[in-house]
Amino acid sequence: MVTSLTTDPDKFSDEAWSLLLASEEIAKRWRHGNLDVEHLIQVIFTNKSYKKFVDPLPLNQTNLLESLESFLANLPTSTGDTLFIGEDLEKLLEAANNYRKNWGSSLIEISHLFSALGRDKRIGARLFDQSGLPSQVLEA
């Protein structure tokens, strides 16, 4: 049986775990039924706690956020109170965990999540590419 990384906060740095929790709140605010990659991206680029990670990135944040808002607005809303973990978020977290292992880190950090976001097929790679930051540059 495969377990979700979202059930194991001890595998994440405090900043990375806080990002997941804040993303939950964003998903609920949008009334989405699934917590997914796009919610993490919105938190990273709108929450002041992640400014130190975002500000050095050579990308057009305005374009990124406009595209992201449009994507979020077009997602179906949910009337239920249950929030599910999206399949793409699970894949993203597994990718981040693989970066953690390859880099010899003990915890999943924001840098691992950024690298995984740059290769995310759902929306991350497209947003970063359109904003001037392809995954190769992001990972470097």
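Residues take their numbers from the sequence shown, with the count starting at 1. In this text, all values refer to a predicted model and were calculated from it rather than measured experimentally.
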CA sep, side-chain torsions, deciding dist, call: K52, E15, salt bridge (Lys or Arg N to Asp or Glu O under 4.0 Å): CA-CA 12 Å; K52 68 182 177 186; E15 285 177 323; 2.9 Å; yes
When clusters are formed by joining ILVMFWY residues with side-chain heavy atoms under 4.5 Å apart, either directly or through shared neighbours, do [X] and [Y] land in the same one?
X: L21; Y: F84; value: no
X: F45; Y: L89; value: yes
X: L5; Y: L20; value: yes
X: L107; Y: F53; value: no

Evaluation steps, salt bridge (Lys or Arg N to Asp or Glu O under 4.0 Å), between D36 and R122: CA-CA 9 Å; D36 226 320; R122 178 181 174 93; 3.7 Å; yes
Heavy-atom check, side chain of [X] versus side chain of [Y], under 4.5 Å:
X: Q42; Y: E69; result: yes
X: R29; Y: E24; result: no
X: Y99; Y: L113; result: no
X: F128; Y: R119; result: no
X: N97; Y: H112; result: no
X: W17; Y: D10; result: no
X: K51; Y: V54; result: no
X: D88; Y: K121; result: no

For E66, all residues meeting salt bridge (charged side-chain N to carboxylate O under 4.0 Å, His left out), sequence neighbours excluded: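 In terms of salt bridge (charged side-chain N to carboxylate O under 4.0 Å, His left out), with neighbours along the sequence ignored, E66 is linked to no residue.
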Minimum heavy-atom distance between [X] and [Y], given as atom pair plus value:
X: S67; Y: Q130; result: OG-OE1, 3.7 Å
X: I41; Y: G124; result: CD1-CA, 3.9 Å
X: W103; Y: S111; result: CZ3-OG, 3.8 Å
X: A95; Y: A116; result: CB-CB, 3.9 Å
X: N63; Y: S131; result: C-OG, 4.2 Å
X: G118; Y: S135; result: O-CB, 3.2 Å

Atom pair [atom1] ([X]) and [atom2] ([Y]), whose distance is rounded to the nearest 0.5 Å:
X: L127; Y: N60; atom1: CG; atom2: CG; value: 11.5 Å
X: L35; Y: L83; atom1: CG; atom2: CG; value: 5.5 Å
X: S13; Y: R100; atom1: OG; atom2: CZ; value: 11.5 Å
X: I26; Y: I44; atom1: CD1; atom2: CD1; value: 11.5 Å

Flag for H32-T77: side-chain donor and acceptor within less than 3.5 Å: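 Short answer, no.
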Can you establish whether the number of heavy atoms outside [X] located under 6.0 Å from its atom [atom1] is more than 12?
X: E87; atom1: CD; value: no
X: D55; atom1: CG; value: yes
X: R31; atom1: CZ; value: no

side-chain hydrogen bond (donor to acceptor under 3.5 Å, both in side chains) partners for N74, two or more places apart: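 Partners of N74 by the side-chain hydrogen bond (donor to acceptor under 3.5 Å, both in side chains) criterion come out as none, since no residue qualifies.
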Backbone N/O of L19 and side chain of Y50: donor-acceptor pair under 3.5 Å: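 It does hold such a pair.
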